[in-house]
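Take a look at the structure set out below.
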Amino acid sequence: MPLRLEARELACERDDRWLFEDLDLDIRAGEIVRVEGPNGSGKTTLLKILSGQLTDYRGELFWNGMPMRRARGDFLASLLYLGHAPGIKAALTPLENLAWYQALAGETGDERARLVALEGVGLAGFEDVPTGQLSAGQQRRVALARLDLTPRPLWVLDEPFTAIDRDGVVALEARLVAHARAGGCVLVTTHHELRATDELTRIRLGRGGDDGRH
Amino acid sequence: MAGTETPMTDTEAAMALHREPHGGLVVALRATLKRDLLLLLRRRSEVLNPLVFFALVITLFPIGISPDPELLATIAPGLLWVAALLAALLSLDTLFRGDYDDGSLEQLLLTPQPLAALGLAKVAVHWLLTGLPLALMAPVLGIMLSLPAGSYGVLALSLALGTASLSLIGAIGAALTVGLARGGVLLSLLVLPLYIPVLIFGAGAVQAAILGDGVAAHLAILGALLAVTLMFAPWAIAASLRISING
Amino acid sequence: MWAFIHKLGSPKWFYAISARLQPWFWAAAALLLLVGSVWGLAFAPADYQQGNSFRIIYVHVPAAFLAQSIFVSMALAGLVFMVWKIKVADMAAAMMAPLGAAMTFIALFSGAVWGVPTWGTWWMWDARLTSMLILLFLYFGVIALRGAFASRDSASRAASVLAMVGVINIPIIKYSVDWWYTLHQPATFTVTSRPTMPVEMWLPLLIMVLGFYSFFIALTLMRTRSEILRRESTKRWVRDLAAEER
């Protein structure tokens with residue numbers, strides 16, 4: 001299956017400040033792309049643009065060679081995005097949370113798969129506890145269980161290592177590499193230093209602050 | 001993180017990647033309805049508060065104006081409608097706020113399903129647990145305001161129809177203000193002027209029932225208003241949510 | 001066509017072309033308002049029923065017309081901004097909102113003043129006045145929403161959506177308020193429904209309406225121009241312009 005996300009001359013202006021300009025990206029299967037830059041350099045904004053949430057940008061995006069405007073449906077069906085907030089409802093149990101995410105993708109899904117996914121992120125035994133009673137790290141893990149539960153080739157992860165303990169970080173890092181090796185593609189921002197592998201490439205954004213101003 | 005101990009073989013993983021999601025708007029809608037119902041039923045106070053507010057406001061009027069049954073009977077249709085409208089408005093602020101705060105809203109925006117339809121599902125739950133209970137409760141409060149007999153059915157029906165429009169219009173305001181830290185009062189300011197036609201025909205229907213005029217025309221217009229809002233509101237809600245998420 | 005729309009939408013081009021248009025609208029506004037008010041206030045015949053107090057019509061009706069037209073043009077500008085991402089449209093919409101609110105207020109105030117000789121009270125829940133009051137609230141909503149956002153881009157979009165929602169609602173509100181009014185106060189005297197207005201009366205009214213519109217266009221052009229300079233102050237062409245002036 002083809003997997004290619006391209007950006008040509010991407011630029012984003014928020015309230016008269018250029019976050020970035022003339023950004024050319026070519027992200028293909030098998031890559032882990034780490035977006036780097038100081039606070040306020042537009043990392044999250046770039047991920048939001050590349051995940052199709054923000055449409056207010058200059059330049060062009062292509063998904064598998066097709067302009068994003070036309071390929072949007074196919075793109076969203078291939079995308080798994082995890083933002084700053086984990087997107088987990090405190091009043092629902094992990095199982096119920098995951099069930100909704102499966103259904104949002106249009107899959108009826110089965111309970112067994114959800115149990116397996118939760119076990120995979122080390123939450124066996126917490127399936128029926130309201131998520132609000134879990135720790136921040138455990139809540140983050142519920143969100144991460146989606147990586148295995150609803151397989152998508154393109155992962156866009158904004159600070160996925162937040163609140164995760166050391167073992168969890170190691171496991172998640174290995175999971176990212178495994179995903180890339182299997183032909184997937186990962187776009188990630190993190191303050192955590194990723195282990196250098198063949199798959200890892202980096203994008204450096206702005207110098208932050210007012211330097212991006214024109 | 002599964003598969004770190006026993007890494008997947010490449011073919012297995014590649015197979016997994018190729019599992020395309022197979023459509024299913026119905027599945028997504030049903031799950032969203034179920035989830036929102038479940039969420040509200042787990043925090044029952046959020047469902048009960050508007051109803052208590054409704055009863056409280058209605059209690060204030062005889063105290064503030066006069067306990068005279070005749071006087072109350074003449075203003076009862078308007079009072080009941082205004083109080084129900086305010087009660088429905090109060091609960092609107094939380095419609096998208098929870099989803100915004102915990103990041104579910106971003107996820108909602110990124111599904112392959114149309115956002116307008118998913119937003120509509122959320123509004124439907126809001127109506128089911130706010131508008132409909134208010135409509136069912138109104139006749140009881142009508143008795144307390146000596147509302148003339150024969151208008152109780154029309155009162156409940158007009159409220160049931162009208163609050164559906166109110167939920168839809170209000171959801172636009174809620175979606176526009178969800179990204180703002182203190183959107184509560186602003187939300188009322190945006191939404192209340194838009195509620196006026198519904199109020200006119202809703203209270204008018206009850207009035208007509210009391211006077212013995214035909215209520216069919218009023219209810220038909222309320223239905224027409226609902227149809228128009230059903231046509232436009234979902235798109236406005238979706239557009240507003242997209243704006244708010246970029247706050 | 002596309003090129004033309006985008007050319008029109010470029011702030012620099014708009015700034016240049018509006019500089020040429022602006023004086024004409026100012027001149028037209030001054031002339032029309034002068035002629036209209038002198039004619040209307042001094043030469044038009046007095047009303048056989050209301051006497052001279054009817055002359056408030058020469059302020060009330062143009063203001064009411066304009067109040068509604070401004071909301072519609074604000075919504076149209078919002079639509080243009082949302083669909084074609086033309087920033088000038090949004091700047092114009094932002095400048096129109098307070099002006100529209102002011103016109104609505106003038107219409108309400110003149111209506112209230114008119115109410116004293118006709119109804120003997122400052123306020124009646126007359127259909128036209130009630131609609132105007134609701135319109136004023138709609139304006140307040142748009143202005144407040146625009147002010148509530150930290151990011152100006154989001155504020156622009158939110159205000160555009162609200163203006164569009166509002167403009168769909170205006171006819172519905174107007175219709176329902178008229179209906180409500182006839183239900184509650186059948187066959188009372190309404191100030192502005194006068195099908196048999198003689199030419200000497202409505203001609204100055206027409207001139208005043210045109211004058212108000214010219215004034216609105218001129219003022220919007222002027223305010224949009226200064227808004228362009230404010231928002232584009234970091235752009236090269238604005239800096240060059242400032243250097244030339246100096």
Side-chain angles (χ1 to χ4, degrees), chain A residues 1 3 48 51-56 72-74 76-92 96-97 99-108 116-117 119-122 130 141 143-145 147-148 150-153 168 170-172 174-175 178-179 181-184, chain B residues 1-36 38-43 46 98-115 118 121 239 241-243 245-247:
Chain A
M1 194 179 78
L3 176 55
K48 282 191 169 181
S51 61
Q53 289 179 63
L54 259 177
T55 48
D56 186 28
R72 189 170 163 83
D74 182 53
L76 288 179
S78 317
L79 168 76
L80 200 157
Y81 170 87
L82 292 184
H84 268 282
I88 296 299
K89 279 272 168 233
L92 298 182
E96 288 163 340
N97 269 305
W100 182 61
Y101 278 116
Q102 259 184 321
L104 265 194
E107 298 164 20
T108 32
V116 170
E119 202 187 331
V121 292
R141 281 166 184 259
L144 288 172
L147 295 180
D148 283 321
T150 49
R152 295 283 181 275
V170 174
L172 177 56
R175 186 71 191 83
H179 182 65
R181 289 207 176 129
Chain B
M1 278 176 282
T4 45
E5 277 82 19
T6 51
M8 279 192 259
T9 66
D10 280 4
T11 39
E12 253 180 344
M15 291 276 286
L17 284 181
H18 282 245
R19 188 141 57 94
E20 287 266 331
H22 23 75
L25 177 60
V26 181
V27 177
L29 282 180
R30 208 183 317 139
T32 306
L33 284 172
K34 189 179 148 204
R35 164 183 176 267
D36 276 31
L38 206 61
L39 275 171
L40 276 174
L41 292 177
R42 291 218 173 131
R43 283 169 301 163
E46 250 173 65
D99 284 344
Y100 180 82
D101 288 342
D102 66 21
S104 311
L105 201 56
E106 287 177 320
Q107 300 293 341
L108 213 55
L109 256 67
L110 286 178
T111 55
Q113 324 294 351
L115 181 60
L118 294 173
L241 286 176
R242 286 188 201 285
I243 294 165
I245 209 79
N246 298 336

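Note that these values count all heavy atoms, side chains included, but never hydrogens, waters or copies made by symmetry. Residue numbers start from 1 in every chain, and the chains themselves are labelled A, B, ... in the order their sequence lines are given, proteins ahead of strands.
Residue contact with chain B, scored on non-hydrogen atoms closer than 4.5 Å, involves the side chain of A:E96 exclusively. Of the atoms belonging to A:K89, heavy atoms from both backbone and side chain fall under 4.5 Å from chain B. Of the two parts of A:L92, the backbone and the side chain both hold a non-hydrogen atom closer than 4.5 Å to a non-hydrogen atom of chain B.
Other residues, nucleotides and ligands contribute only 12 or fewer heavy atoms inside 6.0 Å of the CZ atom of B:R30.
Between the NZ atom in B:K34 and the OG1 atom in B:T32 there is a gap of 11.0 Å [rounded to 0.5 Å].
No donor-acceptor distance shorter than 3.5 angstrom exists from the side chain of B:R35 to the backbone of A:W100, with no hydrogens or angles considered.
Contact annotation: the side chain of A:L147 approaches that of A:L172 to within less than 4.5 Å [non-hydrogen atoms, C-beta and beyond]. In this structure, the side chains of A:L76 and B:L110 come closer than 4.5 Å at one or more pairs of heavy atoms.
Each of A:G87, A:P130, A:A143, A:A90 has some count of heavy-atom pairs under 4.5 Å with chain B, and the biggest count is that of A:G87. Interface remark: of the candidates B:D101, B:L118, B:L39, B:L108, B:L39 forms the most heavy-atom pairs closer than 4.5 Å to chain A.
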